[in-house]
Each structure stands twice: as structure tokens, then as C-alpha cells.
Amino acid sequence: MPLPLPGFFTYALPSSMEALVQVGCRVIVPFGRSKYYTAIVCRMHEEKPEDYSVKPVSVLIDTTPILLPSQLEFWQWMADYYLCTLGDVYKAALPAGLKLESDGEEIVRGFKPKEEVRVRLGEDFQSEESLHTLFDSLRKAPKQLDLLMRLLELSNHFGKERKEVSKHQLMKDEASSAAAFNALIGKGVFQTYMVEIGRLSSLNNQETVVKHVLNAPQQKALAEILQTFQQKNVCLLHGVTSSGKTEIYIQLIEQALSEGKQVLYLLPEIALTTQITQRLQRVFGNKLGIYHSKFSDNERVEIWQKQLSEEPFDVILGVRSSVFLPFQRLGLVIVDEEHENTYKQQDPAPRYHARNAAIMLAHKAGAKTLLGTATPSIESWYNATEAGKYGLVQLTERYRELQLPEIKAVDINELRHKKLMHGAFSPDLLNAMRDALERGEQVILFQNRRGFAMRLECHDCHAVPQCVNCDVSLVYHKATNSLRCHYCGYSIPVPSECPQCHSTRLQMVGIGTERIEEDLQILFPDARVARMDLDSTLQRSQYADLLRDFAEHRIDILVGTQMVTKGLDFENVGVVGIISADNLINYPSFRSYERAFQQMTQVSGRAGRHAEGGEVIIQTYTPEHQVVRNVMDGDYLSLYREQIEERRVFRYPPFFRMVEITLKHREAEVLNEAADWLATQLRGTFGNRVMGPEYPLVSRVRALYLKVITVRFERSEAIADAKALMLRMADDLTKQDDWKRVSVHFDVDPY
Ligand code: ADP
Ligand code: ZN
Ligand code: ZN
């Protein structure tokens, strides 16, 4: 059942359905007093449950399974590993259109096939004779006659192969009159009928072209990957930005297809699919299917069904959720930008990591997995080196011997003292930008905060307006002249005085993307500036538009949040500026150095992909910081060595597996009691593996207080039993009257 309830439910199968039903088919079943749900048949048996009476299945929806046995197994693995129910996985996995749900009797059909109105001649007018009589009778109705002639022409009526004609096609011509059409329908000359057409067709019909020839280092890497796959199931491809990893993927995909296998190509972000789609489509044409959440649900249903059919897409390019698609003969999974944290699902359950889930998916299918990145996650590097679990292949040169960009760190502390900063800009960055623009090159600026300023601060009492629902400061947005909460969306007009001390001396502190965009228009009045962040890309098309405009050089300077750091490939970027590295480095998480290194290296990699060299300016208060130095030297190994030692000493992954238990409740007191109780229970069993409870960084969100308990297990420990115990304790907690409304959720590998 698509419900967050553990276990399976048993229903009786009416004899009429017995012969038709199979495991993996959907059925509609009654649940509770008046609810109906789409359930999936997992097992057929004759074991009558003892504790409840069995209701009959209401409707059998499918006669062929919509879920393959391998998928069900994968779901079960996910539920077990990530401490959620099979129903949670079901809800996340299936497109909404495949899970009808209803409150009353009527069950709505979720998936709407796309239909088209077509037009044909009525039965009485098929013969030549009757047509001639008709022509005569329409002499005085030239518009009707016109329309009739058009239909005959479009349908190739007098030719050998007749064609079907859509109403849209017929009426497209300006001369076509709706009144004439209706008159012909009235006389029975025209008939209309509906035809179901797929939504997927529009993707296709691309001509395929010859793919690129790999250069020597790329060929070597390809050979090494193939060799690794002889011995290992997973291979990490560590290739500097612009080394041609994508070209290698293309070769591997071709090889898998030639063996009759399917390929799943995972990307961390919808945004990236736009660019990669074009590249893959040129090679694989209509063998390529794309799957992500910004597709309409109907489109997703069609892809799902196509993957179950006899002619599925051979290659699926998609984000996180495409690990749930049916694959009949999966041979290869590519996880591009494997280090990206967007692979991790945060909310709701299942809180899975798509990279790790994909490795499991491939493993179960007997397929291979390639992880690709310029900045490996500490875990993957560990697995590919010390742990010896994965193979490791490296590409150390950029394609065509392009130089990696020159990276420079600028000390903004000193510059501020000397009053040399122009707002957020150091003279070095401004000069580099000016030179690049003069050479006709483009600029990317990275600042990991959206909005105008970070916050509004009272000059006298230093109070900062806070969200009423969450434990965070509000962020100023100039376009709407409002203060907004980035957690819950709460928003107020900008106050004219301090809510605490009524001082009117309010000042902006910190700098967001919106502010930078505005300053740029003053500093570079002739440059075309655009901004890419969550606010400016709410719609699917906006992102694609921005990327296209930048690629076609209708934008000179692109300012953005982490969105601009991701593997975008532009020809003409001369300068990349990192406005404030310190925000990245000082983020309070055991991953902050790793992540800061990744983000800075990735965004730097956008520079000089085709232009000469390219230049990167990192603005920071701590130019001597180890992470800044590592980025400048392109020294991943030093970063890794430091980090892995810290992880070992302070008991973090990959040496320890973390399970984070979050409790939420409206009242802090109730929450505290419940959290203390649970922590005590956990300590009784797991001892000093248990940490907390403590308030997380943001301790109140959407009017709910949060507390977190973390349990760490050594990697070698088998924790299936421990997980079951933890679930039972959480269950015991919510069974107590006072704590019924405390919500408890689990996050395994919470990062
Ligand atoms: P990465 O994925 O490692 O960042 P890409 O695969 O995007 O690198 O390659 C960078 C650029 O170089 C792309 O524009 C790509 O088309 C081009 N390129 C890479 N390898 C080749 C090749 N063998 N032949 C032609 N073009 C290539
Ligand atoms: Zn004040
Ligand atoms: Zn809020």
C-alpha cells in the first residue's frame, strides 16, 4: 500500500480475477472506512491472517505487471537500509498517475492518455459516385467544398496509401472555416474520432551523428575502465574538469548497447540534463529517454510504461528518481558528478542516496557502475583506494591540452582595511573581469546566497528580524522589497524601524546574488548581466533559457548560487569569481571542507574550457586556509589525506555509519521530554554510540521544534537488528499518549 505503514496487507481475491492477476499488478482495495488505494500485489498465498478479517480486492487494474520482481526486491532493500516502509518507497517510486487514490466511491483515473481528434469521410461518402454527387451539391458552399478538398488531399484519398488527418492539421490553414467544418459534420460528410497518441514522440526523430574520436589519454582511460570491470563492479573515474569524461561515457554506453544492454545515466540536477541531453541525443537519437520531476506526471507514466514494453529506451538519462524506473536488461549505470549532495533525498522518506542506491540497483542486475567526477567524495576515494572496493581510473589532462585555469586568492580582509573594496568586489576581480569583457569573453560569479543582502541588522542593538516559524534570520529580497524566510517562505514587508529598540538605523549585512547583480549593472553598465538562482529559475524553461542565452553569448556576466558550479560546459568563459569563499569553508558540518573544495574546484573548472587559460579569483578572509590552497594547487590528495584522518579520529563516515533520528513537535517542552526518553532507551542498548539529543543548526522550522539524536555504528557492524530495535523504540515513543504527535524520522547516512 502507498502508506507509511510497515508490513503487507492481505486481501481476498475474487475468483473472477484469479486467473488474471500476477505479482506486480495493481489492484484497488478498500482501506479504513471509506478510502480506496492502489495497492501492488506482492505475493499470492492461502494464509488467512488471524488478527483481521479479509476484505476482497475491488478492482484489478493490470493484467500485466507494472512492477518487475527485481524492482520489488530493490524497494525492499531500500526500505530496510534507509529505515522506512515499503509504502514510503512505493510512494516515491511510482509516478502519481499510476497510483490512483480516492476518498469515496469514485476512483479517478490518474494517468490521462494524450488524445488527438482525427477527421475522416463519413461512410456514405466513400464511393467515387457519392463523392461526385457531393461535389455538385456543395457548389454553392465554397468554404465547405474547400474544406472537403483539403481533407481529400491531406488524407491522400485518391492515392495508394491513405493517411489519417488530425482536426488540427485540417483546420491549420487560415482559410479553413469552423462553420464549414460544423456544417459538414452535420451532414455526415465528416466524422471525427479520437486517437491516443504518445507524448514521447516529440523527443525523437533526431538525426544521429558520428561521435567524437577519443584522444590517447581518453582511450587509455576507457581501456582501464573496461579492464577494471573485469574484476570489480564499480569504477571511479577521476578526471579533471573538461578532460572529456562525457566522451568516455558515450563510448561505454555504445558498448553496452551493442551487447543488448540498457544504460542508466544519472545526473545530480535537472539543470544539467539540458546540456547533456543534446550531446547524447546527437549520438543515440530516439534510443534515449529522459526522466525527471519537471516532466509532467503523464510523461513520466508513459516512460514507465515504455520501459516495461518490448521496445524500451536503451538509455535513460535522469536524476535521482530514475533509479526507480523498470529496467529489463540493465548493463551499466553511470553516476556523473558522483560527489554531488543533491543525490541525497532529504525529505520525505525514503531518504536515499541515489549514487549508493544506483550501485545497489546495478549490483542486483549484474550490471557495472561508473562513478565520474573531478572532485571525488571522500567516501568514494576511500573505497577506490584504501578499501579496495572500487577500481580507480584517472584523467589528469584537459582535452586538447587546454590549460587548467590559473587560480588566485585575494585577501579581502586587508583590502577592506585599506578601503579598496568596491562593495563585494576586489580590484583584482574587477580588473580581471574588465579585461575578459574587453576580449569578448564571459564571466561567471559564484555566491552561495540568494536574495539581496543576507539580513537586515539594527545598527544600535544589532537585532536581526527572525522568522516567526523558524529559527533563522529573514533574508532581504529587493525585487519584492520584503524579508523572506528561506526555510518556510514566510515573508514580511521591510520594517522601517527596529522591532526591538525602534531605532531607524537599519543596515544591510552580507551580500546575496541579487545585490551583486545590481552592483554589476553600475560597475559594468554595458555588460549584459543575468542571475541564476532558485528565485530566477522557478520554472523548467527559465533554467534552459538562461543556459542557452549564456551559451549563445547573449549574457556577458552570469551571477549565481551553487547552480553555476555544476558541470556546465561553456566555450567562452574567461574569468570565474568566487565572491566569498569563507561562507563555504565555515559551514558547520563535518563535510564543509570537502564540499568547499568541490564547489570551488567545480566552479573554477568552468573557466578556460576553450578560451586561452582562463582565470579564477577566490575572494577570502583566509587566503592561507588549507582548503583554499588545495583548490589553488588542484591538490585533491592533500585534502583527502587531511579529511580521512579527521573522519577516522572523530568517528565519521566512511569508518562509521550514522543514523540520525529527528524528533519534531510544536512545543519545546514536550519535545525535550520525548527526545530525552528516546535517547535514554537508545543508550541502554547502544551505549556510547548514541549522541544527543541536541538542537540542530536550525532548531525550529515551520513552527515545529527539532531535536536530533545521532547513533553511530562501526562500518563493520551488521546493523539490521539494531535498525529493527531503533524502529521499535520510536514506535513505543509515539504510542505514549503525551507523545502521540511527536514525529520521529530516521535518516541513514544523513549527508
Ligand atoms: P568533462 O565531462 O570531463 O568535464 P567533457 O566531456 O564535457 O569533459 O569535454 C569537454 C569538452 O571537450 C566538450 O565540449 C567536449 O565535446 C570536448 N571533447 C572532449 N573530448 C573530445 C574528443 N575526443 N573529441 C572531440 N571533442 C572532445
Ligand atoms: Zn535595534
Ligand atoms: Zn520560516
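Values below: every heavy atom of this structure, side chains too, minus hydrogens, waters and symmetry copies.
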Return all side-chain donor-acceptor pairs below 3.5 angstrom for residues 226-237, not counting sequence neighbours, or 'none' if the list is empty.
unit_1 : atom_1 : unit_2 : atom_2 : d
Thr228 : OG1    : Glu224 : O      : 2.8
Lys232 : NZ     : Gly388 : O      : 3.1
Asn233 : OD1    : Lys368 : NZ     : 3.1

- [ ] Salt-bridge test for Arg641 and Asp635: reply yes if a basic N is under 4.0 Å from a carboxylate O, no otherwise.
- [x] no

Open item on the list: Apply side-chain hydrogen bond (donor to acceptor under 3.5 Å, both in side chains) to residues Asn215 and Tyr399 and explain how you reach the verdict.
Closed with: CA-CA 8 Å; Asn215 65 14; Tyr399 172 65; 5.9 Å; no

Open item on the list: Tell me whether Gln345 contacts the main-chain N or O of Asp347 through its side chain, where contact means a donor paired with an acceptor under 3.5 Å.
Closed with: yes

Open item on the list: Testing the basics here: between Leu395 and Pro217, what is the closest heavy-atom pair and its distance to 0.1 Å?
Closed with: CD2-O, 3.7 Å

TODO: Take Arg355 and Asp749, measure what salt bridge (Lys or Arg N to Asp or Glu O under 4.0 Å) needs, and give me the verdict at the end.
DONE: CA-CA 12 Å; Arg355 174 195 62 214; Asp749 305 340; over 6 Å; no

- [ ] Considering only NZ, NE, NH1 and NH2 on the basic side and carboxylate oxygens on the acidic side, decide whether Glu594 and Arg647 come within less than 4.0 Å.
- [x] yes

TODO: Under the side-chain hydrogen bond (donor to acceptor under 3.5 Å, both in side chains) rule, what do Thr375 and Gln602 come out as? Steps first, then yes or no, please.
DONE: CA-CA 8 Å; Thr375 51; Gln602 289 288 344; 3.0 Å; yes

Task: Exam field: side chain Gln218 to backbone Ser243, donor-acceptor pair closer than 3.5 Å - done: yes

Open item on the list: Can you tell me how far apart OG (Ser322) and CZ (Arg300) are? Round to the nearest 0.5 Å.
Closed with: 10.0 Å

Open item on the list: Whether the side chain of Gln71 engages the backbone of Leu68 through a donor-acceptor N/O pair (distance < 3.5 Å, no angle test) should be reported.
Closed with: yes

Open item on the list: Taking the side chain as everything from C-beta on, heavy atoms only, tell me whether Ser309 gets closer than 4.5 Å to Gln307.
Closed with: no

Open item on the list: With a 4.0 Å cut-off on N to O distance, would you call Glu269 and Arg320 a salt bridge?
Closed with: no

- [ ] Validate the cation-pi geometry between Lys723 and Tyr81: distance from NZ or CZ to the six-membered ring centre under 6.0 Å, angle to the ring axis within 45°.
- [x] yes

Open item on the list: Looking at Lys91 and Ala96, would you say the former's side chain and the latter's main chain have a donor-acceptor pair under 3.5 Å?
Closed with: no

Open item on the list: Just checking Asp721: does its CG atom have more than 12 heavy atoms from other residues, nucleotides or ligands closer to it than 6.0 angstrom?
Closed with: no

Open item on the list: Nearest 0.5 Å, please: how far is OG1 in Thr38 from CD1 in Ile66?
Closed with: 9.0 Å

Open item on the list: What I want to find out is whether Arg329 reaches Asp314 closely enough, with some N-O distance under 4.0 Å, to be called a salt bridge.
Closed with: yes

Open item on the list: Nearest 0.5 Å, please: how far is CH2 in Trp304 from OH in Tyr291?
Closed with: 6.0 Å

- [ ] Could you pull out the closest heavy-atom pair between Phe324 and Ala92, with the gap in Å?
- [x] CD1-O, 4.2 Å

- [ ] Locate the shortest heavy-atom distance separating Val301 from Leu98; write the atom from each residue and the value.
- [x] CG1-CD2, 3.8 Å

Open item on the list: If I take atom OG1 from residue Thr246 and atom NE2 from residue His212, how far apart are they, to the nearest 0.5 angstrom?
Closed with: 11.0 Å

Task: Contact check, side chains of Pro4 and His745, non-hydrogen atoms, under 4.5 Å - done: no

- [ ] Decide yes or no for Tyr265 and Val333: does some side-chain heavy atom of the first lie under 4.5 Å from some side-chain heavy atom of the second?
- [x] no

Open item on the list: A side-chain contact here means heavy atoms from C-beta on lying under 4.5 Å apart; do Leu83 and Asp747 qualify?
Closed with: no

Task: Member of Gln598, His339, Glu338 meeting the side chain to side chain donor-acceptor pair (under 3.5 Å) criterion with Ser377 - done: Glu338

Open item on the list: Less than 4.0 angstrom from a charged side-chain N to a carboxylate O is my criterion; do Glu646 and Arg651 meet it?
Closed with: no

- [ ] Could you give me the CA-CA distance, side-chain angles and deciding distance for Leu5 and Thr85, then say whether side chain to side chain contact (heavy atoms under 4.5 Å, CB included) is met?
- [x] CA-CA 6 Å; Leu5 298 171; Thr85 69; 5.7 Å; no

- [ ] Taking Asp297 for its side chain and Gly97 for its backbone only, find out whether a donor-acceptor pair lies under 3.5 Å.
- [x] yes

Task: Whether over 12 other heavy atoms sit under 6.0 Å from Glu259 CD - done: yes

Open item on the list: So which atom in Leu288 and which in Leu317 form the shortest heavy-atom distance, rounded to 0.1 Å?
Closed with: CD1-CB, 4.0 Å

TODO: Kindly indicate, with the supporting measurements, whether the criterion side chain to side chain contact (heavy atoms under 4.5 Å, CB included) is fulfilled by Tyr382 and Phe655.
DONE: CA-CA 10 Å; Tyr382 173 80; Phe655 306 104; 3.6 Å; yes

- [ ] Look only at the side chain of Glu645 and the backbone of Glu642, and say whether a donor-acceptor pair between them is shorter than 3.5 Å.
- [x] no

Task: Lys/Arg-Asp/Glu bridge criterion (N-O < 4.0 Å) met for Glu73, Lys364 - done: yes

Open item on the list: So does Pro268 get a backbone contact from the side chain of Thr342, meaning a donor-acceptor N/O pair under 3.5 Å?
Closed with: yes

Open item on the list: Strictly distance-based, threshold 3.5 Å: is any side-chain N or O of Tyr82 a donor or acceptor partner for the main-chain N or O of His353?
Closed with: yes

Open item on the list: Please give me the minimum heavy-atom distance between Phe713 and Arg689, naming the atom from each residue.
Closed with: CD2-CD, 3.7 Å

TODO: Output yes when a side-chain donor or acceptor of Arg351 lies under 3.5 Å from a complementary backbone atom of Gln346, and no otherwise.
DONE: yes

Task: Pairwise distance CE(Met600) to CZ(Arg595) - rounded to 0.5 angstrom - done: 13.0 Å

Task: Val315 and Gln262: CA distance, side-chain angles, deciding distance, side chain to side chain contact (heavy atoms under 4.5 Å, CB included) verdict - done: CA-CA 6 Å; Val315 187; Gln262 285 177 301; over 6 Å; no

TODO: Kindly indicate whether the side chain of Leu94, heavy atoms from C-beta on, has any atom under 4.5 Å from the side chain of Ile40.
DONE: yes

Task: Worked check of side chain to side chain contact (heavy atoms under 4.5 Å, CB included) between Gln251 and Leu214 - done: CA-CA 9 Å; Gln251 301 277 342; Leu214 297 187; 3.7 Å; yes

Open item on the list: Restricting to non-hydrogen atoms, name the atom on Val263 and the atom on Ala256 that form the minimum distance, rounded to 0.1 Å.
Closed with: CG2-CB, 3.7 Å

Task: Derivation and outcome, ring pair (Phe, Tyr, Trp, His ring centres under 6.0 Å), residues Phe313 and Phe327 - done: CA-CA 9 Å; Phe313 288 118; Phe327 288 95; over 10 Å; no

Open item on the list: Quick check against the 3.5 Å criterion: does His238 have a side-chain atom that pairs as donor or acceptor with the backbone of Ala374?
Closed with: yes

Open item on the list: Tell me whether His363 at atom NE2 has more than 12 heavy atoms from other residues, nucleotides or ligands lying less than 6.0 Å away.
Closed with: no

TODO: Specify whether Phe597 and Tyr636 have parallel, tilted or perpendicular ring planes, treating 30° as the upper limit for parallel and 60° as the lower limit for perpendicular.
DONE: tilted

- [ ] Please round to the nearest 0.5 Å and tell me the distance separating atom CZ of Phe570 and atom OG of Ser242.
- [x] 12.5 Å

Task: Check against side-chain hydrogen bond (donor to acceptor under 3.5 Å, both in side chains), Asn383 and Ser380 - done: CA-CA 5 Å; Asn383 283 330; Ser380 292; 5.5 Å; no

Task: Min side-chain heavy-atom separation Thr373-Glu340 under 4.5 Å - done: no

Task: salt_bridge(Glu247, Arg279) N-O dist < 4.0 Å - done: yes

Task: Any Phe550 side-chain heavy atom under 4.5 Å of Met532 side chain - done: no

